[in-house]
There are 2 protein chains.
Amino acid sequence: MVLEAAAELDNEPTGSGSAEHAHTAAWIATVLRGRIAAGELTPGSKLSEQSLSTALGVSRNTLREAFSTLAGESIVTRIPNRGVFVASPGAEEVREIYRVRRMIEPAAALWGEVTPEVLENMGAIVRRAQAARDAGSVPDMADANQALHSAVVGLTGSESLRTLMDRVLAEMRLVFYAMASAPDFHSHYVDRNVQLVERLRAGQRDEAAAGLRAYLDSAEAELLGHLADEASQDVTSQGTR
Amino acid sequence: MVLEAAAELDNEPTGSGSAEHAHTAAWIATVLRGRIAAGELTPGSKLSEQSLSTALGVSRNTLREAFSTLAGESIVTRIPNRGVFVASPGAEEVREIYRVRRMIEPAAALWGEVTPEVLENMGAIVRRAQAARDAGSVPDMADANQALHSAVVGLTGSESLRTLMDRVLAEMRLVFYAMASAPDFHSHYVDRNVQLVERLRAGQRDEAAAGLRAYLDSAEAELLGHLADEASQDVTSQGTR
DNA sequence: GTTTAACGGATTGTTCAACAATTATTCATC
DNA sequence: GATGAATAATTGTTGAACAATCCGTTAAAC
């Protein structure tokens, strides 16, 4: 049965010119990154070197190299002599996430370069979010929300900050995956995002930044509250399996 | 003839167990990081897998794993089928560095948590910088300067932001190493740093942030100007060794 | 019956040797 | 002096091997 999975996971959309696996390790890293982001590999689950190497059709050494880069992105946690696990962020990680966001996002709103194209893009995103809310699609709402905040950081024009933000948003996704009951977390924030874009469009930078900080504060509080609820509700909180 | 960057380093790792080999790859990564930071491995120099693995007493595979993490920190650049090289940042990288700093540092000054201990620490740092300036020690001045700005980011309380800033400062060091003639870059900024700390102490957050942005603007301009000078002076830009 | 000790299996950490693929270098040829 | 083929050197990747460590189970001791 294991071998079955091996052949099965021979992914790679071969359609258009497959990106030469120039550097297989990097390729494997992106594959795993995608799989974690897609929720196929849930937080806390162990990534066995043997299983994965055969499943992906690469050697253990190459896989380990990929693990090194993923660990550097803190997408994955490495416990010496125990193995690597999909990161499963808790309350402390959530606080750290918002510490970062509370600095970068308002800074971008205050000092970033707001161009008409970016505003147009943001407008499209908030419309998408509104449509998703009307349709009741939580995942689409979450996507749009993350896209908007990623775009906000994009105002900085900095690749590094964008990368950091994307990492942080990926971690957020893990937080949601790790929650048993997904609350309707995003719907109340759609309007705030609309307001944010309006302020940016109107050139009200200070108000935009202040609003962002307030938004981030309440979002963090809500998330932490939910996490605390779940922790108290589920006593034996050790691993889904 | 090839005067490869042959690191003559007798490494006796198995001696009296220094640091736990808990993960040799990580250990090797820190060793290389330190050596690059110390200027022993200069920007652009090639890190041969064979030479380094024997010099450090580890296998090529383990070394490669270390390379992966260093590449993730962009301390090192990997060119497929060519090898890994110590990063040698140019003008574009400098612009990116300041893009990041211009967001993070003022944000930290504006919204970070300024405690008496941190202020005390910053005070000590600026005094160190002043002493270094009086003594005419450029390296000490550079160290103090970087320490101060690292401390500023420390105001955010965020580990991720601190890490990002440290990475950025490490890249700055590489920029300096890559410059043939090291200009007296830091001395004019000592007083600005004094002023910054004073403003933070006085609770003048807005002024501190604005001053920081102005400082970063002029520092970037000066650095870029110097880089341009050197580039026009030295036609053969490629070829450190 | 509970705690402790020992054993065995499984997995990670690391090395080594090998080979394909690519790049760099040498050398003969025009 | 350029051109291009032959050759050497390096990287990319694999597979097997072994030590070290952890985990669960069994055996022993109190």
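Each chain gets a letter, A, B and so on, in the order its sequence line appears, and its residues count up from 1.
- Legend: residues meeting side chain to side chain donor-acceptor pair (under 3.5 Å) with B:D217, ordered by chain and number and at least two apart, are B:R102.
- If you take NE2 of A:H23 and P of D:dT14, they are 11 Å apart, rounded to a whole angstrom.
- Remark: C1' of C:dT12 and CD1 of A:I79 are 12 Å apart, rounded to the nearest angstrom.
- Here B:S59 pairs with B:T62 under the side chain to side chain donor-acceptor pair (under 3.5 Å) rule; sequence neighbours left out.
- Regarding contacts with the backbone of C:dT12, a side-chain N or O of A:K46 is found under 4.0 angstrom from either OP1 or OP2.
- Shown for residues 59-69 of chain A: residues whose heavy atoms fall under 4.0 angstrom of DNA chain C, namely A:R60, A:N61, A:R64.
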Please tabulate, for the side chains in residues 171-180 of chain A, all donor-acceptor contacts under 3.5 angstrom to protein atoms that are two or more places apart in sequence or on a different chain.
residue, atom, partner, partner atom, Å
A:R173, NE, A:Q146, OE1, 3.3
A:R173, NH2, A:Q146, OE1, 3.2
A:Y177, OH, A:A37, O, 3.0

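- Rounded to whole angstrom, the span from the CD atom of A:Q50 across to the P atom of C:dG9 amounts to 16 Å.
- When the side chain to side chain donor-acceptor pair (under 3.5 Å) test is applied to A:S48, the partners found at least two apart in sequence or on another chain are A:S51.
- Scored by the side chain to side chain donor-acceptor pair (under 3.5 Å) test, B:E73 finds B:R33 as partners (sequence neighbours excluded).
- Summarising the geometry, the separation between CD on B:E49 and C1' on C:dC16 is reported as 15 Å, rounded to the nearest angstrom.
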Could you list, one pair per line, each protein nitrogen or oxygen that sits under 3.5 Å from a nitrogen or oxygen of nucleotides 21-23 of chain D, together with the distance?
residue, atom, partner, partner atom, Å
D:dC23, OP1, A:R82, NE, 3.1
D:dC23, OP1, A:R82, NH1, 3.0

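- Note on residues 155-167 of chain A: no pairs pass salt bridge (Lys or Arg N to Asp or Glu O under 4.0 Å), not counting sequence neighbours.
- No donor-acceptor distance shorter than 3.5 angstrom exists from the side chain of B:K46 to the backbone of B:V86, with no hydrogens or angles considered.
- In this view, B:Y98 satisfies the ring pair (Phe, Tyr, Trp, His ring centres under 6.0 Å) rule with no residue, not counting sequence neighbours.
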